[in-house]
Amino acid sequence: MRTIKFRAQDIASNKWLYGDLRHHKDDVCIFEQGGNKGEQVKRDTIGQFTSLYDKNKKEIYEGDILKVQGTRERIEVRFVRGVFAFLWNGNLDDEAPINAPTHEWAEVIGNIHDNPKLLKRKK
């Protein structure tokens with residue numbers, strides 16, 4: 001069974017929170033595991049766990065930036081057309097569904113919210 005969880009930045013502290021995502025009226029909250037109080041989060045930072053790990057056993061989330069081992073390639077993880085996909089080097093025309101064992105070659109080096117300069121966007 002796969003783990004379904006999310007991460008997002010807390011509105012007040014910018015701290016990253018991990019857990020269940022819930023909508024309440026106009027607010028979106030993350031309830032951390034074992035917690036009974038949700039914290040309001042920034043909608044534009046919400047990312048779902050892909051159920052994949054990098055070579056360091058770090059969880060990979062939507063919005064993460066991965067480094068391809070042995071290259072200068074940078075990949076953004078996105079959710080498009082119903083699947084998690086890689087966006088190669090910020091090229092909006094070069095998306096590919098995730099179909100490789102990421103734990104063998106990928107390393108999370110940041111995310112699009114905290115480290116946008118890690119990607120060289122092509123328009």
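Only heavy atoms go into these numbers, but all of them, side chains included; no hydrogens, no water, no symmetry mates.
- You'll find the side chain of Leu87 stays beyond 4.5 Å of the side chain of Ile75, heavy atoms only.
- Residues Phe84 and Gln48 form a side-chain contact, since some pair of their non-hydrogen atoms from C-beta on lies under 4.5 Å apart.
- Here the side chains of Glu62 and Arg78 are not in contact, with every heavy-atom distance at 4.5 Å or above.
- Distance CZ/Arg74 to OG1/Thr71: 7.5 Å, rounded to 0.5 Å.
- Between atom CZ of residue Phe79 and atom OG1 of residue Thr50 there is a gap of 11.0 Å, rounded to the nearest 0.5 Å.
- Residues Asp44 and His113 approach most closely at O-CE1, 2.9 Å, considering heavy atoms.
- Hydrophobic clustering, with ILVMFWY side chains joined whenever heavy atoms are under 4.5 angstrom apart, groups Val77 together with Val68.
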Test side-chain contact (heavy atoms from CB on, under 4.5 Å) applied to Asp20 and Ile30, step by step: CA-CA 5 Å; Asp20 292 329; Ile30 293 242; over 6 Å; no
Evaluate Asn14 against Lys42 for side-chain contact (heavy atoms from CB on, under 4.5 Å), listing each step before the verdict. CA-CA 9 Å; Asn14 287 333; Lys42 298 176 186 177; 2.3 Å; yes
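- Within a 6.0 Å sphere centred on CG of Asp26, other residues, nucleotides and ligands contribute 12 heavy atoms or fewer.
- The distance between the ring centers of Tyr61 and Phe6 does not fall below 6.0 angstrom.
- Distance alone, capped at 3.5 Å, is enough to place a donor-acceptor pair between the Thr45 side chain and the Gln9 backbone.
- Using a 4.0 Å cut-off between charged nitrogen and carboxylate oxygen, Asp27 and Arg43 do not count as a salt-bridge pair.
- Distance check: Glu73 CD to Phe86 CZ gives 11.5 Å after rounding to the nearest 0.5 Å.
- The backbone N or O of Leu118 lies less than 3.5 Å from no partner atom in the side chain of Asn115, so there is not a single donor-acceptor pair.
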Check the pair Asp10 / Trp16 against side-chain hydrogen bond (donor to acceptor under 3.5 Å, both in side chains), numbers first and verdict last. CA-CA 6 Å; Asp10 181 275; Trp16 285 99; over 6 Å; no
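- Of the possible polar contacts, one joining the Asp54 side chain to the Val108 backbone as a donor-acceptor pair under 3.5 Å is found.
- Lys58 NZ: 12 or fewer foreign heavy atoms inside a 6.0 Å radius.
- For the pair Leu21/Lys5, no side-chain contact is recorded, criterion being any heavy-atom separation below 4.5 Å from C-beta on.
- Counting heavy atoms from C-beta on, the side chains of Lys55 and Glu104 never come closer than 4.5 Å.
- Minimum heavy-atom separation, Ala85 to Val80: CB-CG2, 3.6 Å.
- You'll find the side chain of Val28 stays beyond 4.5 Å of the side chain of Arg22, heavy atoms only.
- Trp105 and Leu52 fall within the same hydrophobic cluster, defined by Ile, Leu, Val, Met, Phe, Trp and Tyr side-chain heavy atoms under 4.5 Å apart, directly or through other members.
- With contacts defined as side-chain heavy-atom distances shorter than 4.5 Å, the pair Leu119/Ile65 qualifies.
- Atom-to-atom distance recorded for Cys29:SG and Lys37:NZ is 8.0 Å, nearest 0.5 angstrom.
- Residues Glu59 and Tyr53 are in side-chain contact: their nearest non-hydrogen atoms beyond the backbone lie under 4.5 Å apart.
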